[in-house]
Amino acid sequence: MFSDESRFSLQSDFPRTFIWRAPGTRYHQENTIERHRYVGAGWLVWEGIILGSRTDLHVQSVTMTGHIYRDVILEQHVRLFRGAMGAEFLFMDDNARPHRANIVEECLQSEDITRRDWPAYSPALNPIEHVWDMLGRRIAARQPPPTCLPELRRALLDEWCNIPQDQIDNLILSMPRRCKACIASSGRHTPY
């Protein structure tokens with residue numbers, strides 16, 4: 001299971017800007033700027049995806065903590081998928097601080113959940129980042145767009161249900177190509 005959380009706000013914080021670059025230089029390190037910025041009121045959203053299925057979308061207004069991650073995400077979502085899938089279940093989250101809290105480690109051990117080691121800040125490898133992008137584009141395309149937090153919450157839940165599972169499955173199945181591209185680029189940005 002791939003899992004992650006992301007923030008969605010009423011104000012867009014990443015307008016698209018088109019920039020001309022010489023052919024073949026798009027993903028060169030000097031042409032890439034990473035930024036993580038959140039503007040205005042919004043929701044913190046968590047999801048988990050696996051081949052053929054996904055979790056319910058968990059929407060919350062508070063920052064993720066180790067206690068919330070354990071009590072809500074692991075206990076109410078991940079543990080159920082692990083129980084259904086059995087011993088072959090492999091869990092992947094990023095290296096966010098709440099995910100590495102001692103209480104989270106203890107919970108994973110007590111539930112016999114194997115966590116995949118994963119490098120921090122590796123969205124090129126994680127298919128869930130592309131699912132966030134799909135969800136964000138669907139929210140942005142809504143007419144009329146959400147204008148208040150309850151509308152944004154409803155839109156997130158509706159659009160999450162409307163993302164075709166085969167698109168999520170195709171992203172998961174692209175993992176071998178993603179890993180090869182990352183290795184070929186020595187860990188720098190890739191076209192994924």
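Taking Glu159 as the reference, Arg138, Arg142 meet the salt bridge (Lys or Arg N to Asp or Glu O under 4.0 Å) condition, with sequence neighbours excluded. For the side chain to side chain contact (heavy atoms under 4.5 Å, CB included) test, residues two or more places apart in sequence or in another chain that qualify with Cys148 are Pro150, Glu151. Here Phe2 pairs with nothing under the ring pair (Phe, Tyr, Trp, His ring centres under 6.0 Å) rule; sequence neighbours left out.
Using a cutoff of 4.0 Å between basic side-chain nitrogens and carboxylate oxygens, Arg137 and Asp133 are scored as salt-bridged.
Both tests pass for Arg54 against the ring of Trp160: distance under 6.0 Å to the centre and angle within 45° of the axis.
In summary, the side chains of Asp4 and Trp132 do present a donor paired with an acceptor at a separation below 3.5 Å, with no hydrogens or angles considered. Residues Arg178 and His130 bring a donor and an acceptor atom of their side chains to less than 3.5 Å of each other. No donor-acceptor contact under 3.5 angstrom links the side chains of Asn102 and Glu106, judged on distance only.
Using cut-offs of 30° and 60° for the angle between ring planes, the Phe91 and Tyr69 rings count as tilted.
For the pairing with Arg115, the side-chain hydrogen bond (donor to acceptor under 3.5 Å, both in side chains) check across Gln109, His99, Glu105 returns one residue only, Glu105. Under the side-chain contact (heavy atoms from CB on, under 4.5 Å) test applied with Glu47, the options Ile163, Leu57, Leu156 reduce to a single match, Leu57.
Rounding to the nearest 0.5 Å gives a distance of 4.5 Å between CG of Leu51 and CD1 of Ile172.
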Next item on the list: Test Arg100 against Asp93 for salt bridge (charged side-chain N to carboxylate O under 4.0 Å, His left out), laying out the working first.
Entry: CA-CA 10 Å; Arg100 297 298 180 241; Asp93 59 16; 3.3 Å; yes
